[in-house]
Amino acid sequence: MLNVFIIVLVGCDNKPKFDRVQALNEYSQFVEYAPYSRYIKKQTINTYLNDSIISTTTIYGDEKGRCTYSDIQFTNSTVFNSNEHIDYDKLKFSAEEPLFFISIKDGDVILDKQDRLIKQVSQDGKTSFLTNYEKNQIVSFLITSPTLNVETKYVWQKDFLINQTEMAYNSFPEHFYKLNKNITYDIDGKITQSESVGNFLTIQYKTISSYNNWNEYGDWTTETIIEKLDEEENELKVVREIEYW
């Protein structure tokens with residue numbers, strides 16, 4: 001009888017089956033933090049320059065693999081800080097994006113028939129986030145507000161998100177922020193490298209990230225970044241701590 005009871009308990013694991021494409025969809029804004037084989041409850045990413053922390057990123061996910069909270073804080077600047085929280089029970093969200101002049105509290109969340117996030121709207125209706133999918137893969141993300149528009153497009157190769165382009169426009173047709181990011185995976189589908197090129201106003205930047213020290217679930221835990229801002233080049237070190245469901 002005891003053996004039967006144990007078998008029944010083992011067979012009653014109601015955790016959702018891991019879906020890598022869904023994970024890449026959920027973490028598409030920072031695809032390097034997407035889980036590889038098991039959904040992540042919390043991850044903390046510290047970035048170092050000369051042994052000093054220059055930024056801390058904190059991300060929470062729920063048991064269904066949905067990204068519910070993200071927060072990026074820089075030690076020497078606030079313009080690049082960002083914070084977003086999504087409450088899937090109340091279908092509400094908040095967002096702070098100083099770079100894009102966005103500050104939203106108690107906004108509305110709209111899901112499609114598959115419970116995927118497709119639209120977020122501010123309380124006054126003036127700012128919206130729109131997510132588009134094709135064949136269950138995210139292909140674009142559009143922010144529309146009174147002050148600017150931000151358009152992000154994604155390119156997939158089979159089940160792997162390999163490219164992200166992002167541009168921000170204000171009242172003028174020219175962009176003031178642009179990003180082009182390429183992501184590389186190994187034969188097992190683990191992310192190994194990403195390269196980003198872009199500009200913010202007159203500042204030109206380029207970063208090459210190499211991911212290392214994968215844990216038992218296939219997620220990297222350290223990263224080396226070669227960052228070039230105009231003519232200045234730095235090497236950054238990243239440490240990633242992960243807690244799983």
Side-chain angles (χ1 to χ4, degrees), residues 15-16 18-20 22-89 93-100 102-105 117 138 141 152 161 164 166 179 181 183-186 189-196 205 207-227 234-245:
K15 288 185 179 179
F18 182 82
D19 185 331
R20 183 75 189 285
Q22 181 203 357
L24 292 171
N25 284 338
E26 287 290 331
Y27 290 79
S28 56
Q29 293 185 55
F30 27 70
V31 65
E32 61 270 27
Y33 303 141
Y36 175 73
S37 65
R38 181 170 177 172
Y39 291 132
I40 294 174
K41 179 184 293 186
K42 178 185 178 182
Q43 52 184 310
T44 303
I45 303 99
N46 286 315
T47 301
Y48 297 82
L49 173 63
N50 299 327
D51 297 323
S52 297
I53 294 178
I54 61 171
S55 71
T56 298
T57 300
T58 306
I59 304 171
Y60 287 88
D62 65 12
E63 288 183 276
K64 296 181 179 180
R66 299 176 298 193
C67 186
T68 58
Y69 175 87
S70 64
D71 179 81
I72 303 173
Q73 298 292 321
F74 289 82
T75 55
N76 297 324
S77 174
T78 59
V79 69
F80 294 106
N81 291 352
S82 68
N83 182 288
E84 183 175 10
H85 175 242
I86 301 175
D87 188 328
Y88 280 97
D89 293 326
F93 84 103
S94 61
E96 297 289 337
E97 297 275 357
L99 177 63
F100 299 140
I102 292 172
S103 179
I104 299 172
K105 295 181 180 179
L117 183 64
I138 187 171
F141 177 71
T152 307
L161 201 165
Q164 172 187 349
E166 186 171 82
L179 166 73
K181 182 176 184 178
I183 303 102
T184 304
Y185 305 82
D186 67 12
K190 298 185 184 72
I191 183 170
T192 57
Q193 182 172 296
S194 64
E195 181 174 339
S196 300
Y205 66 86
T207 63
I208 299 176
S209 297
S210 300
Y211 306 97
N212 302 285
N213 296 320
W214 294 271
N215 64 17
E216 61 183 308
Y217 300 112
D219 293 309
W220 62 269
T221 59
T222 62
E223 173 189 4
T224 301
I225 304 173
I226 304 299
E227 175 189 69
N234 292 302
E235 181 174 313
L236 311 178
K237 299 293 185 181
V238 179
V239 177
R240 182 187 186 199
E241 298 178 359
I242 306 172
E243 180 182 349
Y244 294 91
W245 285 100

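Values in this document were obtained by computation on a predicted structure and should not be read as measured data. The figures here come from the full heavy-atom set of this structure, side chains too, leaving out hydrogens, waters and symmetry mates. Positions are given from 1 along the sequence.
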Inset, instruction - State, to 0.1 Å, how close Asn213 and Thr221 come at their nearest heavy-atom pair, and which atoms those are. - result: O-OG1, 2.6 Å
Inset, instruction - Evaluate the side-chain contact (heavy atoms from CB on, under 4.5 Å) criterion for residues Tyr60 and Cys67: first the C-alpha distance (whole Å), next the side-chain angles of each, then the deciding distance (0.1 Å), finally the verdict. - result: CA-CA 6 Å; Tyr60 287 88; Cys67 186; over 6 Å; no
Legend entry - Thr224 and Ser209, any side-chain heavy atoms less than 4.5 Å apart: no
Legend entry - Residues forming a salt bridge (Lys or Arg N to Asp or Glu O under 4.0 Å) with Asp62, sequence neighbours excluded: Arg66
Inset, instruction - Apply side chain to side chain contact (heavy atoms under 4.5 Å, CB included) to Gln73 and list each qualifying residue two or more places apart in sequence or on a separate chain. - result: Asp71, Asn81
Inset, instruction - Starting at OG1 of Thr192, measure out to CH2 of Trp214 and round the result to the nearest 0.5 Å. - result: 6.5 Å
Inset, instruction - Sequence neighbours left out, what pairs pass salt bridge (Lys or Arg N to Asp or Glu O under 4.0 Å) with at least one residue falling in residues 41-53? - result: Lys41-Glu243
Legend entry - Thr207 side-chain N/O to Ile226 backbone N/O, donor-acceptor pair under 3.5 Å: no
Legend entry - OG-CZ distance between Ser37 and Arg20, expressed to the nearest 0.5 angstrom: 8.5 Å
Inset, instruction - State, to 0.1 Å, how close Ile59 and Tyr27 come at their nearest heavy-atom pair, and which atoms those are. - result: CG2-CE2, 3.7 Å
Inset, instruction - Would you indicate whether the side-chain heavy atoms of Glu84 and Phe93 approach each other to under 4.5 Å? - result: yes
Inset, instruction - Name the orientation class of the two ring planes belonging to Phe30 and Tyr33 (parallel below 30°, tilted from 30 to 60°, perpendicular beyond 60°). - result: tilted
Inset, instruction - Report yes if some heavy atom in the side chain of Leu179 is under 4.5 Å from a heavy atom in the side chain of Tyr205; otherwise report no. - result: yes
Legend entry - Stepwise side-chain contact (heavy atoms from CB on, under 4.5 Å) test for Ile225 and Val238: CA-CA 8 Å; Ile225 304 173; Val238 179; 3.7 Å; yes
Inset, instruction - Nearest 0.5 Å please: distance from the OG1 atom of Thr58 over to the CD atom of Glu241. - result: 10.0 Å
Inset, instruction - For Glu32 and Lys181, run salt bridge (Lys or Arg N to Asp or Glu O under 4.0 Å): C-alpha distance rounded to whole Å, both residues' side-chain angles, the deciding distance at 0.1 Å, then the answer. - result: CA-CA 11 Å; Glu32 61 270 27; Lys181 182 176 184 178; 2.6 Å; yes
Inset, instruction - Start with the C-alpha gap between Ile45 and Val239, add the side-chain angles, then the distance that decides, and say whether side-chain contact (heavy atoms from CB on, under 4.5 Å) holds. - result: CA-CA 6 Å; Ile45 303 99; Val239 177; over 6 Å; no
Inset, instruction - Using modelled atom types only, decide if a donor and an acceptor are shared between the side chain of Thr75 and the backbone of Ser55 within a distance under 3.5 Å. - result: no
Inset, instruction - State, with a plain yes or no, whether a side-chain heavy atom of Thr68 is found less than 4.5 Å away from one of Tyr88. - result: yes
Inset, instruction - Enter the distance from Ile102:CD1 to Asn83:CG here, rounded to the nearest 0.5 Å. - result: 12.5 Å
Inset, instruction - Just jot down the side chain to side chain contact (heavy atoms under 4.5 Å, CB included) partners of Arg38, sequence neighbours excluded, or say none. - result: Lys15, Tyr217, Tyr244
Inset, instruction - Go through the steps for Glu166 and Thr152 under the test side-chain hydrogen bond (donor to acceptor under 3.5 Å, both in side chains), then give the verdict. - result: CA-CA 4 Å; Glu166 186 171 82; Thr152 307; 2.8 Å; yes
Legend entry - pair Gln29-Phe141: side-chain heavy atoms closer than 4.5 Å: yes
Inset, instruction - Report yes if some heavy atom in the side chain of Glu223 is under 4.5 Å from a heavy atom in the side chain of Arg240; otherwise report no. - result: no
Inset, instruction - Could you tell me which residues satisfy ring pair (Phe, Tyr, Trp, His ring centres under 6.0 Å) with Phe18, sequence neighbours excluded, listed by chain and number? - result: Tyr39
Legend entry - Exercise: identify the closest heavy-atom pair between Trp220 and Ile191: CD1-CG2, 3.7 Å
Inset, instruction - Kindly indicate whether the side chain of Thr57, heavy atoms from C-beta on, has any atom under 4.5 Å from the side chain of Asn46. - result: no
Legend entry - Minimal non-hydrogen separation, Ile138 against Asn25, with atom names: N-OD1, 2.8 Å
Legend entry - Rounded distance [0.5 Å steps], CD1 in Ile183 versus OG in Ser194: 6.5 Å
Inset, instruction - Take Asp219 and Tyr36 through the test side-chain contact (heavy atoms from CB on, under 4.5 Å) and record every step on the way to the result. - result: CA-CA 6 Å; Asp219 293 309; Tyr36 175 73; 3.4 Å; yes
Inset, instruction - Spell out, as yes or no, whether a donor-acceptor pair under 3.5 Å connects the side chain of Gln22 to the backbone of Lys64. - result: yes
Inset, instruction - With sequence neighbours excluded, tell me which residues meet salt bridge (Lys or Arg N to Asp or Glu O under 4.0 Å) with Glu96. - result: none
Inset, instruction - Taking the side chain as every heavy atom from C-beta outward, state whether Leu161 and Ser28 have any atom pair closer than 4.5 Å. - result: yes
Inset, instruction - Starting at CD1 of Ile40, measure out to CD1 of Ile242 and round the result to the nearest 0.5 Å. - result: 4.5 Å
